[in-house]
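As the structure is a computational prediction, the values presented were derived from the model and not from experiment. Worth knowing before you read on, the calculation uses all heavy atoms, side chains too, and leaves out hydrogens, waters and symmetry mates. One-based numbering, in listed order, for ligands and for the atoms of each.
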Amino acid sequence: MTRPWWREAVFYQIYPRSFMDANADGIGDLRGIIDRLEYLAGTPESLGVDAIWLSPFYVSPMTDFGYDVADHCDVDPVFGTLDDFDELIEAAHRRGLRVIIDLIPNHTSDQHPWFQRSRESRESPYRDWYVWRRSRSDVGHSSVGGGSNGVPPNNWMAEFGGGPAWTFDPATDEWYLHSFLPSQPDLNWDEPAVQAAMGETMQFWLRRGVDGFRADVIHKIGKAPDFRDNLGVFVGPGADDRGRRFDEDWPTVHQRIRSMRRVLRSAGDRMMVGEVYVLDPEQLAPYVRSGRELDLAHNFHFLTLPWDAAAFRDAISEHEQLLRPRGWPTWCLNNHDHSRVASRYPGEAAARLAGMMILTLRGTPFLFQGEELGLEDGVIPAESVVDPGGRDPERCPLPWDAPSVGGSGGGFTSGRPWLPLPPDAERHNVAAEASDPGSVLALYRALLALRRSRPALRTGEMTLLATRDRDVLAWRRFDRGGSFVIALNFAERSAFIQADELGVDFNGIVEVSASMQRAGERVRETGLELGPLDGLVVREC
Ligand code: GLC
Ligand code: CA
């Protein structure tokens, strides 16, 4: 059996608004992506990733920057046209790059025609496509008319803003459910027509040649059918993550994912990675472990870890074990919803170690644009804040040139960027880093090239090493063709791994060091020295 491509691929997430602007309106677009594909793949100078994940580019009023979809089957004019999309797929495939796109099954925009029709009347054929309920006080009474003074149907809370997950609609005297903004009503997945419609959406894009989907908040398409109160507060003020929630991860989610998978597989070799935002690793595992649901699932527990080698070791080991035998791990430390590693951990050095880690662990890595440059979060002046969820800092435009060279748009745009460039764009930008052999970009290229040429780093087994220094995280990757030791020093002082911790007769050669200073060094039985916040990939020989 050939191994599925997504187990060996490195994915790169493109946030289209912030990647490259081709028409000077300050907002990235599909044409900009086409123009810059060479940066990602196809030439010896390219970064060398295998697939891209495109965040939403669909028609949208942009209250959640595209995660509020008003038409699943068209491109928002700000990003381009369907023709641009087709061209993008073709250009990417020509370079050997696969393309997966965001699929947003849990909710739509309130401007979507489905919701517009649903809210028209209680008798609308689209009424049950969304979740409508009477005020809590009305239930069990014959009279209607709880009005906006009534009590929401249950205690579920909405993400962003922290208010109730229900908004009252006076026209029909009922509340609709929205797990996110009031402008993002939740679809009703108990309604077969909704499931069918989402299947058709998938078919539409599969026919256009996409290689798969990243399924947005997929754990939310299963909710307790009786809409009982959550036992505890999980979102907003007072949230403590304890208790039990009934607004997501209900067992029905699993059969729904299985049927989505059937649609996917009917189109051949396509994949689905899920944003399963459950932080308990045991709850996450069933989404991938059976081999019959998601091909991959992002592990968000991993994104919440403190900068601590032991915490990472435990999380890696637990995730690995929970997914065996049929699941395959996925590793990422950045996306468009989270503070960047260079900002939440100790700076550029941590960004380097993070890259070394996720590109050499056993599993599929996901990179987020700009991570390969070691970008930090942007600083957003109060008057420029646009995201209701406070996520502007990680969404700043990608600097292609130093502003002193490429103008104030940093090569991203010749207009005015929709968000400020990240801090230090003068140093951390594509052009400057591409010509600096010690840059973060050079490190990512070296790691990706090594991974491509060494199957042990892609498909080999992995064992975590028991190092005595608690600030060192080390593991071995191996197959019949070779063996590598990867060692990361989380401390801001030097560290030493003794010979006996590496195994008898350890001999090797440094292939890559996070500092980019030590490639080619020989390592003998004496052990391994690591500089402050440095990491090494050592090939045993
Ligand atoms: C996911 C997306 C996030 C979006 C939310 C609601 O978490 O990654 O950006 O706001 O879903 O669609
Ligand atoms: Ca544009």
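- At the top of the distance list for atom 8 (O) of ligand 1, counting protein heavy atoms only, stands D337 OD2, 2.5 Å.
- With a heavy-atom cut-off of 4.0 Å, E159 does not touch ligand 1 at all.
- Taking only non-hydrogen atoms, the option from T63, D64, N335 nearest to atom 4 (C) of ligand 1 is D64.
- Classified by interplanar angle (parallel below 30°, tilted 30° to 60°, perpendicular above 60°), the ring pair Y287/H254 is tilted.
- Residue contacts with ligand 1 include F160, since one of its heavy atoms falls under 4.0 Å from the ligand.
- The aromatic rings of F300 and H298 stand perpendicular to each other, their planes meeting at an angle above 60°, with 30° marking the opposite boundary.
- Ion pair K220/E248 flagged as a salt bridge, since at least one NZ, NE, NH1 or NH2 atom sits closer than 4.0 Å to an Asp/Glu carboxylate oxygen.
- Judged purely by distance below 3.5 Å, without hydrogens or angles, the side chains of H336 and E394 never pair a donor atom with an acceptor atom.
- Remark: D295 engages R265 in a salt bridge, criterion side-chain N to carboxylate O under 4.0 Å.
- Residue R391 approaches ligand 1 through these ligand atoms, each under 4.0 Å from one of its heavy atoms: 3 (C), 4 (C), 9 (O), 10 (O).
- By the 4.0 Å N-to-carboxylate-O rule, D29 lies too far from R31 to be salt-bridged with it.
- Shown in contact with H107 at under 4.0 Å from a heavy atom are these atoms of ligand 1, numbered in order with element: 6 (C), 12 (O).
- Contacts between R214 and ligand 1 below 4.0 angstrom, taking non-hydrogen atoms only, involve the side chain exclusively.
- Taking a cut-off of 3.0 Å, the protein N, O or S atoms nearer than that to the Ca ion (ligand 2) are D21 OD1, N23 OD1, D25 OD1, I27 O, D29 OD2.
- Using a 4.0 Å heavy-atom cutoff, I104 is absent from the residues neighbouring ligand 1.
- Between the side chains of Y67 and D102, at least one donor N or O sits under 3.5 Å from an acceptor N or O.
- The cationic group of R36 does not satisfy the cation-pi geometry with F19, failing either the under 6.0 Å distance to the six-membered ring centre or the 45° limit from the ring axis.
- Interface of H336 with ligand 1, defined as ligand atoms under 4.0 Å from a residue heavy atom, comprises 2 (C), 3 (C), 8 (O), 9 (O).
- The pair D247-R228 does not meet the salt-bridge criterion, since no charged nitrogen lies less than 4.0 angstrom from a carboxylate oxygen.
- Side-chain contact check for W132 and S118: at least one donor-acceptor pair (N or O, by modelled atom type) lies under 3.5 Å.
- The shortest side-chain heavy-atom distance between P105 and I218 falls under the 4.5 Å cut-off.
- Heavy-atom proximity to F180, at under 4.0 Å, picks out these atoms of ligand 1: 5 (C), 6 (C).
- D186 places no side-chain N or O within 3.5 Å of a backbone atom of H107 that could act as its donor or acceptor partner.
- Looking only at heavy atoms of the protein, atom 7 (O) of ligand 1 is closest to E275 OE2, 2.7 Å.
- Only the side chain of R395 comes within 4.0 Å of ligand 1, judged by heavy-atom distances.
- Of the protein's non-hydrogen atoms, the one nearest atom 11 (O) of ligand 1 is D216 OD1, 2.8 Å.
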